[in-house]
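Notes for the one structure printed next.
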Amino acid sequence: MSNNYFKIAVLSGDGIGPEIISESIKILDVIAEAFQYKFHFDYGLIGAEAIFKTGNPLPEETLKICKESDAVLFGAIGDPVFDNNPDAKVRPEQGLLKLRKELGLFANIRPLKTYASLIEKSPLKREIIEGADIQIFRELVSGIYFGEKFTDPDGGYAYDVCKYSREDIIPIAHMAFQEAQKRNKKLTLIDKANVLDTSRLWRKICQEIASEYPDVQLDYMFVDNAAMQLILNPKQFDVILTENMFGDIISDEASVIGGSIGLLPSASVGENNALFEPIHGSYPQAKGKGIANPIASILSVAMMLDHLGLQAAANKLRQSVEHAIENKYVTIDLNTKQYYSTSEVGSFIADHIRYSEKSYYNFENVKIGKSTIV
Ligand SMILES: NC(=O)C1=CN([C@@H]2O[C@H](COP(=O)(O)OP(=O)(O)OC[C@H]3O[C@@H](n4cnc5c(N)ncnc54)[C@H](O)[C@@H]3O)[C@@H](O)[C@H]2O)C=CC1
Ligand SMILES: CC(C)CC(=O)C(=O)O
Ligand SMILES: [Mg+2]
């Protein structure tokens, strides 16, 4: 990887995937211009569109461009054709799971924050959520999503095995402890250790590792209680560490604190590869309507820029997203009275980066894009 040339594999996927990814590419084009970087995009098929075109949810060619990339930008996969057919043998989700496994993306980092102007959008009370700031570390390539699966041909029973090894837990546990050290020195392991052997293994290993981080306070919480505590008192959490399925579920729940799942980005990282993806899915009901919030994908681009060592660009991008949110330049999920389309929000953020980087305008007084800031 040279200092200013980056190969990005782009997997738009299904549903709203292509719409949100096209806003993220718009942003990357502007960042390339403003900061003098070159991003080379290699597009690949994945998910339902890949099944429809090739029969395979993760074609070899897609895997190849991802492995050869500096980073992967991922939209979303999933289609009702498969969701509504429990007998389908090939499924879009298998493409994403296989990609995560093949790239060794063991840690999925899902940051959650609140924005002052969106506090009222959350169904939760201001005093409960204001200032909440949580970093979720979700294990991503093991556990029940990857264990042996079986369905009795007569349809009488089925099972999914949940398996964890020391090797699966240690790397992400260290990552979470190190993040806790950089933040408020508080780590909560969310598990079900009162019932599950796998959870007891997580506790044991985290207790062992804790001795290497004596300044970090390690707490435990059962996942059922955590699901309740997250919305009753989210500010008690700082860094959360959890297994694959629990992390999947509680992070969607946590998005209610921020105001919309359409705001939450994530980074999926491993030893040699990294992939950046919103936490939401393909939201098929919104496909082609221009109503999807592109910010989760755009903030995933900010995480990608951090990963590539382009902190100045990442910070500028986050400032521009905040500028859009604070100026109420948002999609319908965040404001049903005054809202903008997916591409208008993307353009507003892109314009803010472009003009503020070039110091063309005083931004407090300028009208950007098709609509007026009111
Ligand atoms: N990483 C991925 O690609 C994921 C894929 N999926 C797949 O997505 C499909 C739909 O699954 P759902 O459970 O409905 O989850 P979903 O995350 O696609 O949508 C759930 C709800 O969240 C809201 N939402 C999601 N994204 C949004 C956005 N960008 N802007 C505004 N609102 C947004 C909508 O209200 C939507 O009804 C399924 O096929 C599922 O398997 C689900 C989760 C993750
Ligand atoms: C395989 C995916 C559909 C899992 C998921 O929901 C997620 O990663 O958020
Ligand atoms: Mg999910």
Side-chain angles (χ1 to χ4, degrees), residues 100-101 104-113 131-147 161-255 257 264-274 279 303 306-307:
R100 289 171 175 168
K101 192 71 161 182
L105 307 173
F106 64 84
N108 182 226
I109 304 159
R110 298 186 158 188
L112 167 83
K113 60 174 282 188
D133 185 335
I134 303 172
Q135 193 87 332
I136 299 173
F137 282 73
R138 165 192 173 196
E139 196 287 326
L140 200 60
V141 290
S142 299
I144 198 163
Y145 292 179
F146 288 90
V161 174
C162 182
K163 214 162 146 184
Y164 269 106
S165 69
R166 281 190 160 262
E167 292 68 34
D168 298 326
I169 299 168
I170 289 171
I172 188 166
H174 277 292
M175 226 183 226
F177 270 105
Q178 283 160 18
E179 182 69 8
Q181 271 186 326
K182 285 191 224 142
R183 289 168 54 109
N184 294 310
K185 310 205 181 330
K186 182 168 156 45
L187 176 62
T188 307
L189 173 65
I190 293 179
D191 63 21
K192 190 72 187 174
N194 48 348
V195 178
L196 300 176
D197 274 34
T198 44
S199 286
R200 287 190 280 271
L201 184 66
W202 274 84
R203 278 206 187 192
K204 196 175 163 58
I205 290 170
C206 287
Q207 282 166 1
E208 287 167 14
I209 289 177
S211 63
E212 295 176 47
Y213 304 91
D215 53 335
V216 175
Q217 181 197 327
L218 173 64
D219 294 333
Y220 314 98
M221 196 179 281
F222 298 133
V223 64
D224 41 359
N225 182 27
M228 177 172 67
Q229 294 296 331
L230 255 177
I231 48 174
L232 275 181
N233 180 14
K235 285 185 262 187
Q236 71 186 288
F237 298 103
D238 192 57
V239 180
I240 288 174
L241 171 62
T242 192
E243 57 113 275
N244 199 343
M245 184 164 72
F246 297 160
D248 189 6
I249 296 169
I250 63 162
S251 51
D252 270 33
E253 186 194 7
S255 75
I257 298 162
L264 264 67
S266 83
S268 301
V269 299
E271 286 276 312
N272 302 313
N273 297 283
I279 82 154
M303 296 183 88
D306 281 334
H307 171 79

Practice problem: Please list, chain by chain and in numerical order, all residues satisfying salt bridge (Lys or Arg N to Asp or Glu O under 4.0 Å) with K204, sequence neighbours excluded. | Solution: none
How far apart are the closest heavy atoms of [X] and [Y], and which atoms are they?
X    : Y    : answer
A180 : L187 : CB-CB, 4.2 Å
V269 : A274 : CG1-CB, 4.1 Å
S251 : L264 : O-CD2, 4.0 Å
D238 : K186 : CB-O, 3.9 Å
A193 : R203 : CB-NE, 3.4 Å
L218 : A210 : CD2-CB, 4.1 Å

Hey, are the side chains of [X] and [Y] touching, using non-hydrogen atoms and a 4.5 Å cut-off?
X    : Y    : result
I240 : F137 : no
E243 : C162 : yes
Y145 : K101 : no
D219 : Q236 : no
L241 : W202 : yes
L201 : D197 : no
I209 : Q207 : no
I249 : V223 : no

Rounded to the nearest 0.5 Å, how far does [atom2] of [Y] lie from [atom1] of [X]?
X    : Y    : atom1 : atom2 : result
I250 : L112 : CD1   : CG    : 10.5 Å
I190 : L230 : CD1   : CG    : 6.0 Å
D224 : F246 : CG    : CZ    : 8.5 Å
E139 : N244 : CD    : CG    : 5.5 Å
K163 : I144 : NZ    : CD1   : 13.0 Å
M175 : Q135 : CE    : CD    : 11.0 Å

Self-check item: Aromatic plane relationship, F177 with Y213 - under 30° parallel, 30 to 60° tilted, over 60° perpendicular
Solution: parallel
Self-check item: Worked verdict on D133 versus R183 for side chain to side chain contact (heavy atoms under 4.5 Å, CB included)
Solution: CA-CA 10 Å; D133 185 335; R183 289 168 54 109; 3.2 Å; yes
Quiz prompt | Side-chain H-bond candidate by donor/acceptor type, S165 with D168, under 3.5 Å | solution = yes
Exercise. Would you please name every residue forming a side chain to side chain donor-acceptor pair (under 3.5 Å) with N108, sequence neighbours left out?
Key: R110, S266, S268
Quiz item: What salt bridge (Lys or Arg N to Asp or Glu O under 4.0 Å) pairs are there with at least one residue in residues 207-218, not counting sequence neighbours?
Solution: R166-E208
